[in-house]
Amino acid sequence: MSKRFYITTAIDYVNGQPHLGHAYEKIIADVIARARRSLGQEVFFLTGLDEHGQKVQQAAQAEQKNPQEYCNALAADWQAFAQKLELTNDDFVRTTQPRHKEFVQATLAKLNAAGHFYKATYTGFYSAKEETFLTEKDRLPDGTFDASYGEVAELKEDNYYFKLGAQQQWLIDYIEANPDFIAPSYRRNEVLGFLKNNTLEDLCISRPLARLNWGIPLPFDPEFVTYVWFDALVNYTSIAAAHGDEAVLPHSTLSTQNSKLSLWPADIHVIGKDIVKFHAVYWPIMLKAMGLALPKQILVHGWWQKDGAKISKSTGNVIDPIAVINEWGLDAFRFYVLRELDIGPDGNWTDAGFRSRYQAELANGLGNLVNRSLSMLKRYRNGVVPAKSNELAADAAKAADETRALFKQGQLQAALQSIWGLVNRANKFVDETAPFKLAKDPAQAQRLDEVLYNLAESCRVLAVLLNPFLPGTSAKIYAQLGLTGTPDKLAEATWGGLVAGHAIGEPAPLFPRKDV
Ligand code: MSP
């Protein structure tokens with residue numbers, strides 16, 4: 001059984017409704033998953049929810065709900081959201097599921113038996129908002145703590161700790177020896193800088209029941225629940241185990257597996273820049289202690305702002321992805337977030353920017369190309385594809401070759417730019433060859449055939465290249481070309497797929513113009 005390409009997103013806290021940032025991360029992962037399938041690979045794409053911990057417990061309390069019922073209600077919204085985005089995830093993890101809890105407990109028991117944990121008394125400061133302990137080092141020059149920590153309380157309590165001290169050097173060596181482990185490279189450099197200039201403090205992996213009961217009980221001490229991050233990170237392996245992955249099964253006590261997939265190690269963990277330390281420092285150390293291989297890549301995206309300010313429910317500075325999708329269509333939304341922002345830097349959503357890309361690149365660019373190409377083929381040749389002609393073949397091959405390479409590198413914005421190279425070339429070809437003039441001159445019939453073939457075939461190649469990004473649009477282009485099946489194999493982007501005599505379907509606008 002061959003190992004699948006295994007890609008994950010962070011699992012979201014269920015303390016509210018999904019917003020643009022969550023949508024963005026899931027779309028990145030979905031496009032990479034679809035792109036890999038298009039390259040012919042078998043893929044497993046995992047997303048889901050992080051349901052334990054103080055944030056969720058407090059959110060449930062605020063609504064006077066039992067935390068599980070609170071999570072169940074919101075989980076339905078989040079799962080509907082994944083469908084709204086047409087994610088092709090193969091599973092959806094919720095950390096309150098028995099299959100996950102069982103694996104976390106088995107992992108904790110093993111690590112404890114192997115001597116990785118110790119119990120100690122902690123006296124210091126705690127931020128409930130960030131669920132993190134703070135030290136004197138975290139104080140600002142004026143003695144207070146950063147506002148991002150919320151209310152910081154002083155406390156003294158017993159907890160279990162995971163020894164990290166001896167782990168620092170091998171991790172530094174590993175990151176240096178594996179330049180693709182953390183991408184983009186500036187995030188890698190930040191992690192290296194952090195590891196080289198600080199001594200790792202042991203990680204507190206428990207919370208006393210008296211303070212937090214919404215968590216997975218420690219298997220070796222019923223007075224404690226598991227720290228939410230230790231629970232959450234393990235989802236990447238617990239779900240592999242739930243699918244019978246031999247690589248992680250030794251950590252599972254589940255006796256029956258209904259499927260047998262080979263998933264671990266993950267190929268890509270897609271995450272946001274705020275949780276790099278958890279994924280690039282704690283998670284590798286946890287995995288090493290578990291005796292498991294490290295993920296191949298941690299792919300770190302930036303954060304979206306709106307109109308230059310932080311997205312925030314309390315200030316009302318939010319974008320509701322569902323409202324945007326309902327108004328403009330899913331593919332316009334998927335296109336904008338990936339075309340506007342490369343994976344790495346921070347981005348800024350503006351409604352004007354969204355409209356302008358919709359109008360210029362989707363309606364006037366891609367939409368106009370497909371619509372006029374197919375309408376002219378319909379009008380001048382009754383919708384029947386003429387003999388093969390290769391004038392745009394090299395342009396199409398260039399876009400396909402670049403897209404293939406960029407898909408493998410996870411360079412989604414660059415792939416879109418390359419694909420639009422072909423869109424623009426083909427639109428220019430219409431202007432240069434002026435088929436509407438050729439159609440008036442019977443002596444130009446053969447030239448018109450050539451032009452119409454090149455345009456229709458370019459549209460077909462575009463449907464294939466665009467499929468991971470704009471699955472709905474890609475399917476529409478295929479259907480309008482009168483082709484059956486789904487354009488989901490990159491190998492089909494080879495020039496010459498349309499054969500002479502084939503009858504196309506009905507052209508219809510892909511991106512209706514909006515009065516704005
Ligand atoms: N539950 C943890 C992750 C555990 S993974 C084992 C968590 N959840 S979260 O809901 O706060 O964030 C989920 C993801 O959304 C993170 O990768 C985070 O970076 C991302 N984003 C949250 N707000 C964002 C933006 N404004 N822009 C882009 N991504 C953002 O952290």
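Every number for a ligand or one of its atoms is a count from 1 in the order of the listing.
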## Note on the structure
Contact region, Gln305 to ligand 1, non-hydrogen atoms below 4.0 Å, reads neither
### Query
If you measure every N/O of Ile275 against every N/O of ligand 1, is any gap under 3.5 Å?
no
### Nearest-neighbour protein heavy atom for atom 10 (O) of ligand 1, which is reported as residue plus atom name and distance
Tyr13 N, 3.1 Å
### Query
At a 4.0 Å threshold, what atoms of ligand 1 neighbour a non-hydrogen atom of Ala232?
6 (C)
### Message
Would you say Asp231 and His100 are linked by a side-chain donor-acceptor pair, where the criterion is simply a distance under 3.5 Å?
### Response
yes
### Query
Say you draw a straight line from CG of Leu362 to CH2 of Trp420; how long is it, rounded to the nearest 0.5 Å?
5.5 Å
### Query
What protein heavy atom sits nearest atom 29 (N) of ligand 1, and how far away is it?
His301 CE1, 3.2 Å
#### Entry: 4.5 Å side-chain heavy-atom contact, Thr135 and Glu201
yes
### Residue Ala10 vicinity, atoms of ligand 1 by number, heavy atom under 4.0 Å
5 (S), 17 (O)
### Query
With a 3.5 Å cut-off and no angle check, do the side chains of Asp30 and Thr88 form a donor-acceptor pair?
yes
## Note on the structure
Min over Ile11, Leu341, Asn235 of heavy-atom distance to atom 4 (C) of ligand 1 lands on Ile11
#### Entry: His19 and Tyr24 side chains, donor-acceptor separation under 3.5 Å
no
### Identity and distance of the protein heavy atom lying nearest atom 23 (N) of ligand 1
His19 CE1, 3.3 Å
### Message
I need the atoms of ligand 1 closer than 4.0 Å to a non-hydrogen atom of Asp12, numbered in the order shown.
### Response
8 (N), 10 (O), 13 (C), 14 (C)
### Task
Enumerate the atoms of ligand 1 whose separation from the nearest heavy atom of Asp274 is less than 4.0 angstrom.
18 (C), 19 (O)
### Task
Using a strict 4.0 Å cut-off to heavy atoms of Gly272, name the atoms of ligand 1 that fall inside it.
17 (O), 19 (O)
### Message
Show me which atoms of ligand 1 lie under 4.0 Å from any heavy atom of Gly302.
### Response
28 (C)
### Task
Could you tell me which atoms of ligand 1, counted from 1 in the order shown, lie closer than 4.0 angstrom to a heavy atom of Asp50?
1 (N), 2 (C), 4 (C)
### Query
Hey, is the main chain of Leu85 close enough, under 3.5 Å, to the side chain of Arg334 for a donor-acceptor pair?
yes
### Query
So which of Trp304, Trp303, Trp283 gets nearest to atom 24 (C) of ligand 1, if we judge by its closest heavy atom?
Trp303
### Message
Using side-chain contact (heavy atoms from CB on, under 4.5 Å), reason through Leu134 and Tyr126 one step at a time and then give a plain yes or no.
### Response
CA-CA 6 Å; Leu134 301 170; Tyr126 187 74; over 6 Å; no
### Query
Lys137 and Asn198: side-chain donor and acceptor closer than 3.5 Å?
no
### Query
Can you check whether Phe125 and Phe133 have ring centres sitting under 6.0 Å from each other?
no
### Query
To the nearest 0.1 Å, how far is atom 16 (C) of ligand 1 from its closest protein heavy atom, and which atom is that?
Glu25 OE1, 3.5 Å
### Query
Looking only at protein heavy atoms, which one is nearest to atom 15 (O) of ligand 1, and how far off is it?
His22 CD2, 3.6 Å
### Query
So, the side chain of His279 versus the backbone of Leu233: is there a donor-acceptor pair under 3.5 Å, distance only?
no
### Message
Out of Tyr24, Tyr236, Phe278, who is nearest to atom 6 (C) of ligand 1 when you count heavy atoms only?
### Response
Tyr236
### Message
Are Thr9 and His22 packed together at the side-chain level, in the sense that at least one heavy-atom pair is separated by less than 4.5 angstrom?
### Response
no
### Short N or O distance, Lys273 and ligand 1, threshold 3.5 Å exclusive
no
